[in-house]
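Everything below concerns the one structure shown next.
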Amino acid sequence: MIKILYIMRTMAAGGAEVFLLSMLRNLNRREFSPEVLGIYGGGTLQKEFEDIGVRTHLMHFRGLGDFSSYVALCKLIQARRYDIIHTKLFHADLVGRVCGKLSGTPAIFSTIENLHEWTKEYTLRQRLKEWACRSTAKVNHRIIAVSEMVRDTLVQRTGITPGSIEVIYNGVDLDRYDPRKVHSNVKQELGLSNKDYLVGIIGALNHNKNQKTLIEAARHVLAKRRDVHFVMVGRGDPHDLRQLSQELGVASKVHFLGVRRDVPQILKSLDIYVVTSLSEGVSISLLEAMAMKKPVIATQVGGNPEVISSDDVGILVFPNRPDILATEILSLLAEPERLLRLGEDARKRVMEVFNLDLAIARYERLYRSVIVS
């Protein structure tokens, strides 16, 4: 049995964490024994990890300079005798690499999920961050990038050797995200009729996800037709976005649902899914929406063009262009047949390239290769 410790910042419901949960649901448990650790505590997914039989551990690092927490983590790693440590996201990467090396763990992997970490301007802080990544990455047996763009950017900004990075796309559980098996009453929950259209976005309410662009686009859309509503799902304080929707006169048409764990049901209720991000590695929510046969409009950033590889599977737009986004939304709503066709082809694209089974198979081969060798 190969024992693996996955180290993350927390167990909050972000893209990296949600993908790991999906992956561990389907990982071969006769061969692999996974455990999950949050260096800054737990989160909403902790119980879901435990419900699928994954042991969880919580640390309480006060920052990357918290020496006593490094000691505690090293003791845990030595006591549990893991064969592999697999880290996700920058702080967890640094902590996991240091503690894994000091504890003599046979193999260490890091998955680089976020692109925005490596596209910031060259401040002293950013240079130190890139130096820390490059220096500690020397202990990795392999670095995994979730898209070609993430790999290329990481090489350019940190100087990590391209040959040490492997691209493994994230994937979606096509059984869980199967529109034939999902039933939804979200429109009813919002007080809408089946004749109303619903445009949605799922992701943390923050600057990078850039939900304000959808609210600004809503004003243009609603000037043309009033049968469209907009829904936003994700953790974070919606105060500023609510205020913007009020200022633009669209507050009655914009709904904030907070953190939800019924994502398939929410996606089922949508007529169009939108990604407005300024940066993306590979958007898990975009893949989930496509798996649910939803027509998608996404910003032409990061790994999104690798997902939406042609006009047949989705629409790419420039970021921070609410006018263009609104035009595309209105165009799709005016063409019901195109809506259906885009959704059908979107699911086919996910089945062929972004299937969770394909991702798991590649990770399992990677794990076996370092233990066998």
Within 6.0 Å of CE in M23, more than 12 heavy atoms from elsewhere: yes
Ion pair K47/D51, N-O distance below 4.0 Å: yes
Main-chain N/O of S69 paired with H60 side-chain donor or acceptor, under 3.5 Å: no
Check: H91 and Y40 side chains under 4.5 Å, non-hydrogen atoms: yes
Pairs touching residues 152-173 that satisfy salt bridge (Lys or Arg N to Asp or Glu O under 4.0 Å), sequence neighbours left out: E130-R157, R142-E166, E166-R362
Main-chain N/O of T327 paired to S331 side chain as donor or acceptor, under 3.5 Å: no
Separation of N28 CG from S33 OG (nearest 0.5 Å): 11.5 Å
Cluster check V231, L214: I/L/V/M/F/W/Y, side chain < 4.5 angstrom: no
Over 12 non-hydrogen atoms of neighbours within 6.0 angstrom of CE in M59: yes
Listed partners of R127 passing side chain to side chain donor-acceptor pair (under 3.5 Å), at least two apart: none
Side-chain heavy atoms of D345 within contact of R349, under 4.5 Å: no
Straight-line distance of L89 CG to L94 CG, nearest 0.5 Å: 11.5 Å
Side-chain donor-acceptor contact under 3.5 Å, S103 with Y82: no
Close side-chain approach of M11 to E17, heavy-atom, < 4.5 Å: no
D311 atom CG, neighbour heavy-atom count above 12 within 6.0 Å: no
R9/E113 ion pair, N-O < 4.0 Å: no
For L174 against A291, the heavy-atom pair lying closest together: CD2-CB, 4.0 Å
Side chain proximity check, P34 to L27, heavy atoms < 4.5 angstrom: yes
Separation between CD1 of I39 and CD1 of I7, rounded to the nearest 0.5 Å: 8.0 Å
Nearest heavy-atom neighbours spanning G314 and L342: N-CD2, 3.6 Å
Contact check, side chains of E288 and M292, non-hydrogen atoms, under 4.5 Å: no
From CG (L154) to CZ (R134), nearest 0.5 Å: 10.5 Å
Under 3.5 Å donor-acceptor, S279 side chain and H116 backbone: yes
Short side-chain to backbone donor-acceptor contact, K88 and Y6, under 3.5 Å: no
Electrostatic pair K209:E280 at N-O distance under 4.0 angstrom: yes
Pair E121-Q126, side-chain contact (heavy atoms from CB on, under 4.5 Å): steps then yes or no: CA-CA 7 Å; E121 61 181 280; Q126 184 65 17; over 6 Å; no
Contact check, side chains of S277 and N210, non-hydrogen atoms, under 4.5 Å: no
Pair T87-D93, side-chain donor/acceptor within less than 3.5 Å: yes
E48/R25 ion pair, N-O < 4.0 Å: yes
Nearest atoms (heavy-atom pairs only) where R62 meets S68: NH2-OG, 3.8 Å
T56 backbone acceptor or donor facing Q46 side chain under 3.5 Å: no
Derivation and outcome, side chain to side chain donor-acceptor pair (under 3.5 Å), residues Y169 and E306: CA-CA 10 Å; Y169 287 125; E306 295 173 49; 2.7 Å; yes
From Y197 atom OH to L330 atom CG, the distance as rounded to the nearest 0.5 Å: 11.5 Å
Exam field: side chain T299 to backbone V301, donor-acceptor pair closer than 3.5 Å: no
Short side-chain donor-acceptor distance under 3.5 Å, R261 and T44: no
Minimum heavy-atom distance between E35 and V54, given as atom pair plus value: CA-CG1, 3.9 Å
Side-chain ion pair, D196 and K253, N-O less than 4.0 Å: no
NZ/NE/NH1/NH2 to OD/OE distance under 4.0 Å, R151 and E148: yes
Joint hydrophobic cluster, M8 plus L73, side-chain heavy atoms closer than 4.5 Å: no
More than 12 heavy atoms of other groups within 6.0 Å of R225 CZ: yes
Whether R29 side chain and L24 backbone form a donor-acceptor pair below 3.5 Å: yes
Centroid-centroid under 6.0 Å between Y363 and H86 rings: yes
S369 (side chain) donor-acceptor with L366 (main chain) under 3.5 angstrom: yes
same_hphob_cluster(V296, V282) at 4.5 Å side-chain heavy-atom cutoff: yes
side-chain contact (heavy atoms from CB on, under 4.5 Å) between I201 and F230, intermediate numbers included: CA-CA 8 Å; I201 184 171; F230 301 84; over 6 Å; no
Single-linkage hydrophobic cluster L278~L205, side-chain heavy atoms < 4.5 angstrom: no
Under 3.5 Å side-chain donor-acceptor pair for D357 and N26: no
Derivation and outcome, side-chain contact (heavy atoms from CB on, under 4.5 Å), residues K348 and V313: CA-CA 9 Å; K348 290 177 184 175; V313 296; over 6 Å; no
Q211/I215 under side-chain contact (heavy atoms from CB on, under 4.5 Å): CA gap, chis, key distance, verdict: CA-CA 7 Å; Q211 285 91 344; I215 294 176; 5.5 Å; no
F61 backbone acceptor or donor facing Y70 side chain under 3.5 Å: no
Note, I272 side chain near L339 side chain (heavy atom, < 4.5 Å): yes
Heavy-atom neighbours of Y122 OH exceed 12 at 6.0 Å: yes
Backbone of V199 reached by a side-chain donor or acceptor of D271 within 3.5 Å: no
ILVMFWY network linking I144 to L358, side-chain heavy atoms under 4.5 angstrom: no
Connected-component partners of L124 among ILVMFWY, side-chain separation under 4.5 Å: L128
Distance (rounded to the nearest 0.5 Å) between D237 CG and N206 CG: 12.0 Å
Atom of R347, atom of P179 and distance for their closest heavy-atom approach: NH1-CD, 3.9 Å
L267 and V182, any side-chain heavy atoms less than 4.5 Å apart: no
Exceeds 12 heavy-atom contacts within 6.0 angstrom, atom NZ of K101: no
Minimal non-hydrogen separation, K187 against S193, with atom names: CD-O, 4.0 Å
